[in-house]
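One structure is given here, and the rest of the page talks about it.
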Amino acid sequence: MSKFTENKSPDFFFLVYEIVRCIPRGRVSSYGAIAKAIGSKASRQVGMAMNFSHGVQPPVPAHRVVNRIGVLTGKHHFSDPGAMQRQLEEEGIRVVNDKVQNFEQVFWDPLKEINL
DNA sequence: CAGCTGACAAAGA
DNA sequence: ATCTTTGCCAGCT
């Protein structure tokens, strides 16, 4: 286990940021996968961390984090609701009706990619 | 100080 | 297959 797992403290947000920043361009991840990567099941707090990521440095690609079915649940929390979908499409991810198409193809699993 | 909320997910019925 | 319940834990009221 790396610097991730083995943690369940206020660093939760920080760990979430680390994982999210590792998401490659053109890929997306889910709250649960990120939470699991940290060693927790608090997928809700992952969303909270995203909400807190406004002004965080380096910037966190929160637009690449969606729920487990690929729906852009948090697009309303962005400066502009449409920005999330626009950025995803710009990265090659097709989004229709606030839902990521080919989700299983663009899905990026931190546990599988980071801790190898 | 105590309870409720929430960018979710997995298990039970 | 859908609906309901529980866990999760920081932040707010």
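As the structure is a prediction and not an experimental result, all values here were calculated from the model. We name chains A, B, ... by the order of the sequence lines, and we start the count at 1 in each one.
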Margin query: Are A:I34 and A:L72 linked, directly or through intermediate hydrophobic residues, by side-chain heavy-atom contacts shorter than 4.5 Å (ILVMFWY only)?
Written below: no
Check: A:D109: what forms a side chain to side chain donor-acceptor pair (under 3.5 Å) with it, not counting sequence neighbours?
Finding: none
Check: Once you round it to whole Å, what is the distance between P of C:dG11 and NE2 of A:H54?
Finding: 15 Å
Check: For A:Y31 and B:dG6, what is the distance between atoms OH and P respectively, to the nearest whole Å?
Finding: 15 Å
Notebook entry, point to check: Rounded to the Å, how far apart are A:H76 NE2 and B:dT5 P?
Noted result: 20 Å
Check: Do A:F52 and A:V56 share a hydrophobic cluster (ILVMFWY, side-chain heavy atoms under 4.5 Å, transitive)?
Finding: yes
Item checked: Verify same cluster id: A:I19, A:V66 (apolar side-chain graph, 4.5 Å) -> no
Checklist line | Rounded interatomic separation in angstrom, taking CG from A:D98 and P from B:dA7 | finding: 15 Å
Note to self: Test of understanding: clusters of I, L, V, M, F, W, Y form through side-chain heavy atoms closer than 4.5 Å, transitively. Do A:M50 and A:F12 belong to the same one?
What the structure shows: yes
Checklist line | Residues within residues 45-53 of chain A bordering DNA chain C, heavy-atom distance below 4.0 Å | finding: A:Q45, A:M48
Check: When rounded to the nearest Å, what value does the distance between C1' atoms of B:dA7 and C:dC3 take?
Finding: 23 Å
Notebook entry, point to check: Picking from B:dA7, C:dA10, C:dC8, which would you name as closest to the side chain of A:S40?
Noted result: C:dC8
Next item on the list: Round to a whole Å and report the spacing from NZ of A:K75 to P of B:dG6.
Entry: 19 Å
Check: Does A:V71 share a hydrophobic cluster with A:F103, counting links as ILVMFWY side-chain heavy atoms below 4.5 Å and allowing steps through other members?
Finding: no
Next item on the list: With heavy atoms under 4.0 Å as the rule, sort A:S43 into base, sugar-phosphate or nothing.
Entry: base
Notebook entry, point to check: Looking at C:dC8, B:dA9, B:dA7, which one has an atom nearest to any side-chain atom of A:H77?
Noted result: B:dA7
Note to self: Counting only side-chain heavy atoms from C-beta out, which of B:dA9, B:dA10, C:dC8 sits nearest to A:K36?
What the structure shows: B:dA10
Note to self: How many whole angstroms separate atom CG of A:N67 from atom P of B:dA10?
What the structure shows: 11 Å
Next item on the list: Just compare B:dA7, C:dA10, B:dA10 and give me whichever is closest to any side-chain atom of A:R68.
Entry: B:dA10
Checklist line | For A:E91, side chain to side chain donor-acceptor pair (under 3.5 Å) partners two or more places apart | finding: A:H63, A:R64
Checklist line | Between C:dG7 (P) and A:I38 (CD1): distance, integer Å | finding: 21 Å
